[in-house]
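Structure first, then comments.
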Amino acid sequence: MAKLRFYPMDITYKVINGEPVIHMYGRTVEGEQLCIVDHYEPYFWAVGDIKAIEKQIDETVARTEVVKKDLNGEIVDAVKIITMLPEHVPKMKDKLKETALCLEADILFARRYLIDKEIIPCQEYEIEAEPYEFSEGMKAFELKSIKPAERIYENQKILAFDIETLEQEDAPIIMFSLYGKDFQKVVTWKHFPTKEKYIEFVNSEADLIKRFRELVKEHQPDIITGYFSDGFDFPYIMERAKKYKLSIDISLDKSQPVIGRGENKSTKLTGINHVDVYKFVRNILRLDVDDYTLNSVAEALLKDRKHDVDFEKLPDAWKTGDGLEKFCQYNLHDSKLTYELCSKLLPNIVEMVRIVGVPMYDICRMALSQLVEWYLIRNAPKFNTLVPNRPAGDEFKTRLTRKYKGAFVFEPKPGLYNNIMLFDFRSLYPSIIASHNISPSTMNCSCCRDTAERVPFEKDEPGKIWFCTNKKGFISSMIGDLIERRMRIKEIMKKEKNPLLDARQYSLKLLANSFYGYLGFYAARWYCYDCARSITAYGRDYIHKVIKQFETEGFKVIYSDTDSIFVTTGKKKAKDAQDLAHKINKSLPGIMELEYEGNFPSGIFVSLKGTESGAKKKYALIDENDEIVIKGFETVRSNWSPVAKDVQKKVLTILLKEGDAEKALKYVKKIIENIRKHELGKEEFEIRTQLTKPVEEYESTAPHVAVAKRLIKEGHEIVPGMVIKYIITSGKGTIGSRARVTEQCTNEDYDADYYIENQVVPSVIKIFEVFGYSENDLAEKGAQDKLSKFF
DNA sequence: GAGCATCGGGG
DNA sequence: GTGTACGATGCTC
């Protein structure tokens, strides 16, 4: 009998001799890759007439047991139907669908095993096992006993990769790069002289693919990572390998990567976790960036960028070898960025794996609602609760159309305010769910009919709903666990700053914050319309009460949205506001808390009405460290010219720091004059717009489309996804006809009037309106002729 | 402005 | 693999 300390990383099963066998791939703490095999039985639940159910049982069923289970708050006799093979489960379920309510028939077998055995991937286990004869050629053991141990697998071996291809029909892969700890490599099949040691040459695309297979196998990573590798790199490699009839058997069971079908395909390897950084960043992290390109994400998380290369030069460089080195460097750098992103995000990913209990491959591809769901599924057995089915048919359709009232927004009166204090409810919705015990199973219980407080719905959103005060609900307990776990981590973090702990608390917060959305999500198993609208009703009630209390005490409320409140102290002192918050906190139930978020010497609030999508935050504040916080001004985010963005920021800075609207106005006038005199560089006027489809498919001639069309005529290769960088030049005709690529412009070419009227003025006009100025005041001198046409 | 369709990432 | 995404944005009526 061997004793092992083992981190399970990827769990699958295979049918061997008519029996399902669990395979857990992973690494010992000493670093050896192993497979642990175990035996388990597939099953599902049927609730209904037991005799009728048992009559339908056929030879695929090994046996049945009757067990008392909780079905949405009620204890029922459930028949556990244990089948010979996982594939028998859906068949048996279909057979029983007229007879009984079948549950948990779509819980995947490998995940079922992890849940029932309480095994969490990336976590250390003490294992007793016997050597096992394994057809896959890998060292394997048969599990005899397993118990959890202390360590978490944090130092996983990551290998990042990236490919480059040409853009033609039947385009070959021309190079790939790999990047790991102390490892970097670019392989290409065009020879050229180079001193770069990491560049390796092969003789053909087929050899390149073989070399890819070889290098990945040699490296033995725990994680293979790419950027959009689910949708591009892996499918591309597999397709080219197929062309040459090559096998990319890099999985630990000697199988090839399996590419999922459908629109949103993903690539799975056995035993190696394939992390597509793009998917995790987009689905889970929800980074606040303009787009999710590798460049934007690397910029936001690493303060690093992709290399700048001109892809138009690639076909030529590939033909001659001249300048190809630059593309190799570019290729390697993409892998490096991906490696660093993956390393940086690993603590978040691992923590999510540990909370939710699902392998890393799946975690990285789940939406937040699915993470919540699997966290609940994993914990359902501890509450003896049966997992509800996903909605189907009419139920699904009904859910899709249901609407309910959302959060409260207190519209600010536009203006400049001084001595602003900001308070907000810490995790408002999660704390409401936990404090008011909001769960489908606790709703309108019979035991509290006469005693429990009703959810504070307003007249326009009627409802008689209460939640049990005697028994903790499943959902509310589970969110409570997350909140407590996070508070414990935050407590430790007060003593020591630790990025690892920070990643953990962040993952916990993300998951807790997703519960409200989950309860209202149409496809959720634990969907609960009345729970979701009860949460927003409580939210509105709490913020209303806080607003009222501040007003009663003599503070002026400027703005409030969902969970936050901005007040000016006026004649009162800052301490009075803090005292009031303290008093409010004493009256709040459970873990609810109104937090002091900060003091802002001044702030500008702009009217919310007339903005693009309803009640979006739109304000600028300056904090006590003279740092400016800008929220919601559209130019900050969209594809405006640098000059417009700069002017907006500078205007806000002058107003907030000096409170001098006259000075801000003078500044804008000065800039307008500079623009007119062509004293600014052309790069200040460059507008960037991405082509989202082939040029010929555009009906309109938007400026960037017009530019792209002209570039094509000039012989450039233009493909969807390219960012067109252009400047509006002066002259006659439409904007489109006057848009030109930046490179073809001089500092004299830009159309001063266009930039003043359509970029600079609009970027600040809303701000100046707050101070009683109009468009005329901004651009009066010299623009008189033009503007007179408009007024 | 509601409802439907497409797109995202990648070279 | 005991499976099939989702949320934002643009376009059309």
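Both backbone and side-chain heavy atoms feed into the values below; hydrogens, waters and symmetry mates do not. In what follows, every chain begins at residue 1, and chains take the letters A, B, ... in the order their sequences are listed.
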Using atom [atom1] of each nucleotide, how far apart are [N] and [M] to the nearest Å?
| N | M | atom1 | answer |
| --- | --- | --- | --- |
| C:dG10 | B:dG9 | P | 13 Å |
| B:dT6 | C:dT4 | P | 23 Å |
| B:dC7 | C:dG3 | P | 30 Å |

ask   = Side-chain N or O of A:R390 less than 4.0 angstrom from OP1 or OP2 on C:dT4?
value =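 Indeed, a polar side-chain atom of A:R390 lies that close.
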
inquiry  = Please tell me if A:K306 has a side-chain N or O lying less than 4.0 Å from either OP1 or OP2 of B:dG11.
reply    =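 Affirmative; the distance criterion is met.
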
So what does [X] touch, heavy atoms closer than 4.0 Å: a base, only the sugar-phosphate, or nothing?
| X | result |
| --- | --- |
| A:L85 | nothing |
| A:N331 | nothing |
| A:F109 | base |
| A:N283 | nothing |
| A:K265 | nothing |

Spacing of A:I22 atom CD1 relative to C:dG1 atom P, expressed in whole Å =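 Those two atoms, CD1 and P, are 13 Å apart.
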
query = Is there side-chain contact between A:W374 and A:I107, with heavy atoms separated by less than 4.5 Å?
reply =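 A side-chain contact under 4.5 Å exists here.
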
ask   = Which listed nucleotide (C:dC6, B:dG9, B:dG11) is nearest to the side chain of A:F311?
value =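 Looking only at side-chain atoms, A:F311 lies closest to B:dG11.
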
ask   = Any salt bridge between A:R365 and A:D276, counting N to O under 4.0 Å?
value =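 No, no charged N to carboxylate O under 4.0 Å.
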
key: Near-parallel close stack of A:Y227 and B:dG10 base (under 5.5 Å, under 30°)   =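 No; by the centre-distance and plane-angle rule, A:Y227 does not count as stacking on B:dG10.
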
ask   = Do other residues, nucleotides or ligands put more than 12 heavy atoms under 6.0 Å from the NZ atom of A:K14?
value =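 Counting other residues, nucleotides and ligands, NZ of A:K14 exceeds 12 neighbours.
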
Residues A:T562 and A:Y429: side-chain donor-acceptor under 3.5 angstrom =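 No.
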
